[in-house]
Amino acid sequence: MNILKGEAARAALTRTFSEIPVPDSVLDRNERLFGERLTPEQVVDRILKDVQARGDDALLDWTERLDGFRPDRLEVTADELAAASVAPELHAAIELAISRVRAFYEQQPAHGFLNHGPDGALGQLVRPLGRVGVYVPGGLAPLVSTLIHTAIPAQVAGVPELVVCSPVGRDGDIHPAVLVAARLIGVTRVFRLGGAQAIAALAYGTASVPGVDKIAGPGNLFVVIAKRMVFGQVGIESLPGPTETLVLADDSADARYVAADLLAQAEHLGAEPVLVSTSRELLVAVQAELNGQLEALPEPNRGWARDSVDARMKIVLADTLDEALDLSNVYAPEHLCLLTRDPWSLLGRVQRAGGVFVGESSMEALGDYLAGPSHVMPTGGTARFMSPVNVRDFQNIISVVGINEETLRRVGPAAALLARTEGLEAHARAIESRLNTQG
Ligand SMILES: NC(=O)c1ccc[n+]([C@@H]2O[C@H](COP(=O)([O-])OP(=O)(O)OC[C@H]3O[C@@H](n4cnc5c(N)ncnc54)[C@H](O)[C@@H]3O)[C@@H](O)[C@H]2O)c1
Ligand SMILES: N[C@H](CO)Cc1c[nH]c[nH+]1
Ligand SMILES: [Zn+2]
């Protein structure tokens with residue numbers, strides 16, 4: 001594989017935000033489905049408009065067309081939720097993940113303040129959102145962990161009502177582990193819906209799916225585009241799309257671990273694995289390891305991972321750790337994995353990333369399940385301006401203004417002057433009306 005250096009590396013890791021790259025395989029599938037090479041934006045636009053116009057009928061039609069399955073009922077019944085079961089060890093693992101994620105978010109400061117001082121009272125009220133939609137990907141893999149990593153921060157924020165959408169998977173229904181997790185979390189409304197049609201249902205509401213105030217959760221290209229398009233009608237937390245991992249390693253790193261961490265994310269659909277190292281020997285060793293570990297993976301995982309490696313993997317040789325960190329900050333990865341001699345010494349220079357995984361025993365795959373922080377993190381370079389899912393995503397802030405009379409007399413004239421400067425006479429008079437009547 002081509003090793004990038006210097007300006008070529010910087011150019012390869014610099015992302016443009018004007019368009020989301022569309023793999024040929026997506027256009028090929030669209031040609032088969034629609035008879036023309038529609039872009040994902042065109043497909044999503046059709047789906048959103050159709051769901052808005054025809055509600056549940058459109059949801060069923062699109063689910064049949066895209067997922068090859070027409071559910072008898074979109075909503076999972078209370079009896080089905082209650083009956084869902086998994087093996088005891090898996091049940092315990094789901095409970096462990098829920099409790100560790102909950103314990104992490106209970107530490108996040110997320111309260112308001114109301115300060116009664118010389119000016120009167122000024123502050124912020126913090127209120128939970130009313131109804132939140134949680135998208136749980138399920139096209140290739142039933143991401144039970146994603147339900148936990150999205151719903152728990154919302155619950156800690158105090159959101160009273162969660163509505164979950166997830167596509168039926170390869171086994172013909174939502175995976176029982178997803179239903180068990182929903183039950184343990186206390187989610188009562190789960191819908192067999194994926195992709196843009198799920199986002200449309202949550203944004204606009206239909207006869208069976210309640211519209212929500214905000215939609216959170218990751219997904220493939222279609223989910224990301226749909227969330228972008230419905231923003232404004234509803235809130236969205238961020239744009240977590242196809243996953244990416246940048247492993248930053250020096251000559252002390254173990255090539256087996258580096259390869260394993262890159263492949264762990266490469267097996268997600270559309271993933272982008274990136275390796276930046278100061279050691280050419282390590283780069284060469286990792287490539288050999290990658291090939292060996294890829295061959296040892298079972299199908300279909302080998303095929304998914306090979307697609308990501310062949311189509312999108314980038315390998316970069318940096319002169320120094322400073323240059324490596326600089327390139328990582330330019331790329332703004334969803335996951336930054338530090339596999340260096342003294343990884344903690346690099347943390348202070350990390351500027352842009354969804355999450356940082358420090359050292360050999362903090363592999364990103366562990367973070368996907370139960371380290372604590374949500375694995376729902378910004379991708380595609382949006383870590384420049386967005387954050388991982390967290391409690392604040394599920395709260396509103398309301399400003400409180402309770403200025404007292406004495407302060408009004410002191411600051412009111414300046415406010416009236418600013419109003420007149422803006423040409424807003426009624427504003428100025430509203431302020432002065434109180435100044436003139438107060439003794
Ligand atoms: N960034 C994060 O925090 C994070 C976390 C978990 C998962 N992910 C990402 O989520 C993604 C999950 O993708 P997935 O596909 O397995 O599941 P998904 O649930 O996101 O998407 C499946 C849906 O896509 C729709 N779809 C598929 N092909 C289509 C087409 N040609 N036209 C219109 N709609 C189409 C279908 O309706 C299907 O139900 C992966 O890329 C993974 O990396 C990201
Ligand atoms: N790595 C994915 C994106 O952060 C999340 C995930 C869920 N399950 C396994 N992995
Ligand atoms: Zn993962």
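Sequence positions, counted from 1, serve as the residue numbers for this chain. Just follow the structure's listing: the first ligand is 1, and inside any ligand the first atom is 1.
Checking Pro240, Pro242, Gly195 against atom 23 (C) of ligand 1, the nearest heavy atom belongs to Gly195. For atom 24 (O) of ligand 1, the nearest non-hydrogen atom from the set Val168, Thr379, Val376, Asn220 comes from Asn220. Looking at Thr382, Asp67, Val43, Val26 and measuring to atom 39 (O) of ligand 1, the nearest heavy atom belongs to Asp67. Checking His268, Glu334, Glu364, Met377 against atom 4 (O) of ligand 2, the nearest heavy atom belongs to Glu334.
Side-chain atoms of Asp368 and Ser145 include no donor-acceptor pair closer than 3.5 Å. With hydrogens and angles left out, the side-chain atoms of Asp250 and Thr278 include no donor and acceptor closer than 3.5 Å.
For Asn30, every heavy-atom contact with ligand 1 shorter than 4.0 Å involves the side chain, none the backbone. With a 4.0 Å cut-off on non-hydrogen atoms, Gln265 touches ligand 2 through its side chain and not its backbone. Counting heavy atoms under 4.0 Å from ligand 1, residue Met377 touches it through the backbone alone.
Arg32 and Asp28 are not joined by a salt bridge, as no carboxylate oxygen comes within less than 4.0 angstrom of a charged side-chain nitrogen. With salt bridges taken as basic N to acidic carboxylate O contacts below 4.0 Å, none links Glu237 and Arg392.
Interface of Thr243 with ligand 2, defined as ligand atoms under 4.0 Å from a residue heavy atom, comprises 1 (N), 3 (C), 4 (O). Within ligand 2, the atoms closer than 4.0 Å to a non-hydrogen atom of Leu143 are 7 (C), 8 (N), numbered from 1 in the order shown. Within the listing of ligand 2, atoms 7 (C), 8 (N) sit less than 4.0 angstrom from a heavy atom of Ser145. Ligand-side atoms of ligand 1 in range of Glu334: 1 (N), 2 (C), 3 (O), range being under 4.0 angstrom from any heavy atom. Residue-ligand proximity, Thr243 to ligand 1, at heavy-atom distances under 4.0 Å covers atoms 43 (O).
Here the side chains of Arg192 and Thr63 are not in contact, with every heavy-atom distance at 4.5 Å or above.
Distances from ligand 2 to the non-hydrogen atoms of His149 include no value under 4.0 Å.
Ring orientation note: the planes of Trp62 and Phe34 are tilted relative to one another, at an angle of 30° to 60°.
Protein heavy atom nearest atom 44 (C) of ligand 1, with residue, atom name and distance: Gly241 O, 3.1 Å.
Atom NZ of Lys227 and atom CD1 of Ile215 lie 7.5 Å apart (nearest 0.5 Å).
Vertex the Zn ion (ligand 3); arms to His268 NE2 and Gln265 OE1; angle rounded to 10 degrees, 90°.
At a 3.5 angstrom cut-off on N or O pairs, Asp368 counts as close to ligand 2.
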